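Below is one structure, written out as structure tokens; comments come after it.
Remember, predicted model here, so these are calculated numbers, not experimental data. For ligands, and for the atoms within them, numbers begin at 1 and follow the listed sequence.
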Amino acid sequence: MSPRQRLSAASLSALPANVARPAYDRSAIATGIVHLGIGSFHRAHQAVYTDSVLTSGDRRWGIVGASLRSPDTRDILNAQDYFYTLNLRAEAEALRVIGSLQDILVAPENPAVLIETLCRPSVAVVSLTVTEKGYHYDPATRALNEGGPNIRHDLAHPGAPRTIFGFLAAAIARRRKLGVMPFTVLSCDNLPANGRTLHGLLSRYAQLVSPDLGSFVRDEILCPNTMVDRIVPATTDDDRRRLGDALGVDDLWPVVAEPFTQWVIEDRFSSGRPAWDEAGATFVRDVAPFESMKLRLLNGSHSALAYLGYLSGYETVAEAMGDDALAGFAEGLMTDAMPTLDLTSNVDVGAYKASLLARFRNRALHHRTWQIAMDGSQKLPQRILEPIRDRLAKGLPIERHALVVAGWMRYVTGVDERGRLIDVRDPLLQSIRDTLENAGRDVPRIVGALLGLKTIFGGDLPADQRFRLAVSDALTSICSVGSRQTIERLAKF
Ligand code: CS2
């Protein structure tokens with residue numbers, strides 16, 4: 001097969017007519033945004049809204065992305081002049097080349113350049129998608145992990161940091177010294193009260209640098225809360241091949257996503273912001289109702305389908321949803337989460353639930369249960385444990401949510417129900433493994449030992465007999481009859 005041309009500025013004009021592409025002149029675009037954590041989600045979500053803003057003629061908002069770890073995305077996209085394809089898939093397909101990304105920096109290669117870029121006066125927004133573990137916090141208490149090696153490293157090496165806190169604090173301090181307006185820091189991760197949580201963590205970090213910087217961050221740096229939503233499975237080689245054929249050029253790092261997208265943002269920006277609302281985002285005064293609805297209904301049932309679906313032998317969310325038992329369980333879990341929400345009157349949560357179930361059934365997406373199962377220690381607290389706390393406080397049954405916790409416990413044992421190894425990924429994997437090793441094979445002991453992981457479960461839940469018992473019963477059943485049977489049993493009650 002003769003090598004095809006790569007997607008790039010030079011090949012844009014050769015794309016088929018049905019492929020949307022940037023109509024703006026990229027050489028005339030300023031850098032208004034630095035984005036930390038340049039993964040697929042950002043490229044399929046915020047970068048797309050920003051691409052629309054640039055298309056509308058506002059040239060202030062080009063994005064410089066930064067990877068805090070690997071050079072992969074930069075290496076591939078650099079050869080494409082940072083153009084990449086967004087492929088939306090459901091019954092129909094849509095292809096659009098995105099041009100809002102101007103450059104990618106790889107932080108570990110040259111941390112000073114990232115700090116300098118963050119200090120450019122044109123940069124008004126620093127956005128983040130670094131996943132839950134990128135916040136270096138204790139998921140149960142939301143306190144900064146001050147004793148952790150990365151935070152300690154950054155405090156000791158302020159000129160060459162590794163974490164978001166080191167970079168943000170260095171840039172905030174330098175901008176202040178130079179008399180440059182502070183930027184707004186916009187978390188786009190699935191954390192509870194993501195902006196408020198980030199503001200607390202960043203203020204604490206800055207205070208550890210110096211009390212004066214701590215007060216400055218606390219009083220002057222705005223971190224609006226956001227709710228971000230779009231399902232973005234990891235890109236596969238199959239996607240690359242398929243898109244190469246459709247485009248007539250090779251795009252080695254496209255993003256594939258569902259058509260649905262939502263972005264709800266608190267309108268608190270210190271130095272201006274893109275008119276993302278004109279591209280479909282919603283600016284509100286309070287994101288909390290949207291955020292808890294999304295975390296508890298969408299992400300909560302996603303995690304349920306991930307653990308219980310994986311254990312039942314399903315590779316993707318859509319396959320798991322093809323099994324009535326699992327689909328019914330996901331729906332039941334959403335229904336159980338509903339009374340724990342603090343909703344505003346104009347949200348139709350029934351319609352929201354129905355739309356989620358339809359989105360999960362999208363067979364054109366290959367969203368692996370394994371991908372969602374990753375980093376469970378960071379995800380369970382806001383997705384599953386908070387609703388459990390609320391239901392316990394209201395005296396409501398918790399069987400379905402407890403079964404998800406048990407599913408996670410079964411999953412992290414690292415062996416599936418057919419005896420095959422599971423590639424468990426989690427920042428707490430070592431402690432989880434050590435805990436399991438000490439617990440042996442007895443289910444109540446395993447439950448007791450894992451519940452002892454305070455950073456996940458806190459002190460309250462393990463002390464609650466109803467919770468302990470529900471998780472123990474669920475895990476006992478999973479270990480004797482399997483996850484799927486356990487779900488069917490539960491459905492009968
Ligand atoms: C998923 C999310 O991987 C996961 O944990 O639940 O990435 C989910 O697809 C997005 O939050 C949807 O907006």
Side-chain angles (χ1 to χ4, degrees), residues 37 39-49 86 88-90 127-135 139 187-194 225-236 255-265 280-282 287 290-310 314-318 320-321 326 330 333-334 337 352-353 355-362 364-387 404 407-408 411-412 423-428 456:
S40 296
F41 184 74
H42 171 71
R43 294 194 295 125
H45 191 272
Q46 305 99 61
V48 178
Y49 288 82
L86 169 70
L88 300 182
R89 302 196 82 193
S127 52
L128 287 91
T129 49
V130 289
T131 78
E132 297 85 349
K133 60 180 176 283
Y135 290 80
S187 167
C188 298
D189 282 297
N190 289 318
L191 250 56
N194 54 11
N225 291 307
T226 66
M227 184 271 254
V228 291
D229 190 8
R230 172 165 262 173
I231 292 174
V232 186
T235 304
T236 63
V255 283
V256 178
E258 61 172 342
F260 181 92
T261 182
Q262 192 177 14
W263 196 6
V264 187
I265 313 165
T282 316
V287 168
F290 297 93
E291 179 230 78
S292 57
M293 183 170 80
K294 194 247 166 178
L295 281 175
R296 294 180 183 198
L297 267 64
L298 189 160
N299 297 113
S301 55
H302 238 184
S303 288
L305 289 166
Y307 299 116
L308 300 168
Y310 186 101
Y314 295 115
E315 198 193 339
T316 68
V317 172
M321 286 294 289
L326 277 128
L333 194 78
M334 291 184 203
Y352 183 73
K353 187 173 82 170
S355 84
L356 290 182
L357 293 167
R359 288 168 64 194
F360 289 174
R361 288 202 167 93
N362 182 351
L365 292 184
H366 193 80
H367 200 190
R368 293 177 67 193
T369 46
W370 175 82
Q371 184 186 343
I372 303 165
M374 243 184 267
D375 297 348
S377 67
Q378 315 291 299
K379 294 175 177 174
L380 285 186
Q382 57 274 21
R383 299 180 179 199
I384 301 294
L385 304 180
E386 283 299 321
V404 184
W408 171 78
Y411 181 88
V412 297
D423 179 7
V424 180
R425 305 272 176 100
D426 197 290
L428 292 190
I456 306 175

**OP:** Select the closest option to atom 8 (C) of ligand 1 among Asn299, Ile231, Asp229, judged by heavy-atom distance.
**Re:** Asn299
Subject >> Minimum heavy-atom distance between Cys188 and Trp263, given as atom pair plus value >> reply: SG-CZ2, 4.1 Å
Original post:
Which class fits the ring pair His45 and Phe41: parallel under 30°, tilted 30 to 60°, perpendicular over 60°?
Top reply: parallel
Original post:
Does a salt bridge link Glu258 with Arg230, judged by any charged N lying under 4.0 Å from a carboxylate O?
Top reply: no
**OP:** Please write down residue, atom name and distance for the protein heavy atom closest to atom 6 (O) of ligand 1.
**Re:** His302 ND1, 2.8 Å
Subject >> Side chain, backbone, both or neither: the part of Arg368 lying under 4.0 Å from ligand 1 by heavy atom >> reply: neither
**OP:** State whether the side chain of Arg89 and the backbone N or O of Ala364 hold a donor-acceptor pair below 3.5 Å, judged by distance alone.
**Re:** yes
**OP:** Nearest heavy atom to atom 4 (C) of ligand 1 wins, so pick from Gln371, Gln262, Arg359, Lys379.
**Re:** Lys379
**OP:** Could you tell me if the ring centre of His367 sits under 6.0 Å from that of Phe360?
**Re:** no
**OP:** Do me a favour and list the nearest non-hydrogen protein atom to atom 7 (O) of ligand 1 with residue, atom name and distance?
**Re:** Asn190 ND2, 4.3 Å
Subject >> Nearest neighbour in protein (non-hydrogen) for atom 11 (O) of ligand 1 >> reply: Lys294 NZ, 2.6 Å
Original post:
Side chains of Lys294 and Asn190: donor-acceptor distance under 3.5 Å anywhere?
Top reply: yes
Original post:
For His367, is at least one N or O under 3.5 Å away from an N or O on ligand 1?
Top reply: no
